[in-house]
2 protein chains.
Amino acid sequence: MQRQQNLTKNQKIVLDVIEKSTEPLKAYSILSNVKKKGINAPPQVYRALDKLVDMGKIHKIESKNAFVACQNSNCKVSKAAAFSICESCEEVTEIDNSKISKYLSSFADKIGMKYKKYNLEFFGLCKKCK
Amino acid sequence: MQRQQNLTKNQKIVLDVIEKSTEPLKAYSILSNVKKKGINAPPQVYRALDKLVDMGKIHKIESKNAFVACQNSNCKVSKAAAFSICESCEEVTEIDNSKISKYLSSFADKIGMKYKKYNLEFFGLCKKCK
DNA sequence: CTCAACCATGTTATATTATTACATAACGTT
DNA sequence: AACGTTATGTAATAATATAACATGGTTGAG
């Protein structure tokens with residue numbers, strides 16, 4: 001019953017590449033990065049990505065089909081995440097989500113939903129670009 | 001200078017299909033729905049979808065690569081949207097976003113971002129399914 | 001008017017993202 | 001050792017999205 005620790009070999013390889021990247025990585029870009037480590041085909045990458053997302057170790061930026069390492073220890077619990085995405089420099093930053101989480105979960109209650117996670121993406125201009 | 005009114009022929013056809021659907025539609029499903037109306041190829045659909053999203057007439061559910069009609073008049077202004085997505089019955093509902101909008105835009109200010117829009121997707125179980 | 005600029009459309013081909021399906025191996029449990 | 005379970009490997013293909021280029025219609029400046 002793998003949970004939290006004990007990543008498998010492929011999961012470790014994929015997570016390592018994502019953690020070392022300064023920007024969100026796409027699945028096929030990850031694949032080309034790990035060919036030398038013996039990962040040869042898309043399903044191997046996608047399987048690892050799925051599990052890592054499940055564990056809260058990484059997040060998928062849905063609007064970009066790309067993956068980033070979680071920068072936020074509490075995601076392991078909630079799997080909820082919030083990002084700001086700069087439309088000029090493309091920088092993606094994970095927002096410390098404890099306040100947002102509290103607010104959004106109370107909101108979910110109000111609309112009668114049993115909420116498990118959320119994904120929030122802000123678009124605009126970051127400090128540098130505006 | 002087309003804005004708001006005056007949808008083009010293809011935009012009308014695509015919007016019509018989306019508005020009549022009770023669930024989010026994917027681009028290729030839209031395509032197969034409108035073949036009989038003379039739309040033959042993906043770019044015609046994707047071009048219409050892009051414009052309709054720009055105008056705030058429809059929204060893209062990023063986690064599903066699917067499109068729904070906007071149910072919320074103020075989206076035309078902000079282009080921001082929030083959805084609840086049931087993981088059991090797959091129902092997607094647009095959340096009336098005026099309160100969330102206010103909260104999230106103040107949040108964006110706080111983190112120093114000049115925010116243009118956001119996309120928020122809640123996952124969980126809807127009233128019926130829980 | 002007319003032609004030049006612009007935008008919408010049409011069409012083919014291809015790029016990109018993701019999954020299915022099946023075969024093999026590794027590992028713990030009894 | 002035999003079994004069930006999970007991880008891995010591999011080939012093929014499905015599903016999503018865009019590039020590139022050709023055609024046609026509308027409009028408004030000259």
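Note that the coordinates shown come from a computational prediction; the quantities given were computed from them, not determined experimentally. Each chain gets a letter, A, B and so on, in the order its sequence line appears, and its residues count up from 1.
- Looking only at distances, no side-chain donor or acceptor of D16(B) sits under 3.5 Å from a matching main-chain atom of K12(B).
- Per the geometry, CG belonging to N10(B) stands 14 Å off P belonging to dG25(D), to the nearest Å.
- dT16(D) atom P lies 16 Å from atom CG of D50(B), rounded to whole Å.
- Spacing between atom CG of L31(A) and atom C1' of dT16(C) amounts to 13 Å, rounded to whole angstrom units.
- Computed from coordinates, the D54(B) CG to dA8(C) P distance equals 11 Å when rounded to whole Å.
- Although no hydrogens or angles enter the test, the distance criterion places no donor-acceptor pair under 3.5 Å between the side chain of K20(B) and the main chain of L15(B).
- Within 6.0 Å of the NZ atom in K99(A), the count of heavy atoms belonging to other residues, nucleotides or ligands does not exceed 12.
- Contact annotation: Q44(A) does not reach the phosphate of dT8(D) (side-chain N/O to OP1 or OP2, under 4.0 Å).
- Proximity of N40(A) to the phosphate of dG9(D): no side-chain N or O atom is located under 4.0 Å from OP1 or OP2.
- Annotation: of the two residues near DNA chain C, N65(A) and R47(A), the 5′-most nearest-nucleotide partner is N65(A).
- In this structure, K117(B) forms a cation-pi arrangement with F123(A), its terminal cationic atom sitting closer than 6.0 Å to the ring centre and no more than 45° off the ring axis.
- Atom OH of Y46(B) and atom P of dT14(C) are 18 Å apart (whole Å).
- Atom NZ in K35(B) sits roughly 14 Å away from atom C1' in dG10(C) (whole-Å rounding).
- Under 4.0 angstrom from either OP1 or OP2 of dT17(C) there lies at least one side-chain N or O belonging to K26(A).
- Here K60(B) lies in heavy-atom contact (under 4.0 Å) with sugar-phosphate atoms only.
- A straight line from CD of E62(A) to P of dA18(C) spans 9 Å, rounded to a whole angstrom.
- Between P43(B) and Y28(A), the residue anchored closer to the 5' end of DNA chain D is Y28(A), taking for each the nucleotide with the nearest heavy atom.
- The phosphate of dT9(C) (OP1 or OP2) has no side-chain N or O of K9(B) nearer than 4.0 angstrom.
- Phosphate proximity of dA7(D) to K51(A): present, with a side-chain N or O under 4.0 Å from OP1 or OP2.
- Distance CG (L25(A)) to P (dA18(C)): 13 Å, rounded to an integer number of Å.
- Taking the six-membered ring for Trp and thresholds of 30 and 60 degrees, Y103(A) and F107(A) have ring planes inclined between 30 and 60 degrees apart.
- A sub-4.0 Å separation between OP1 or OP2 of dT8(D) and a side-chain N or O of T8(A) is present.
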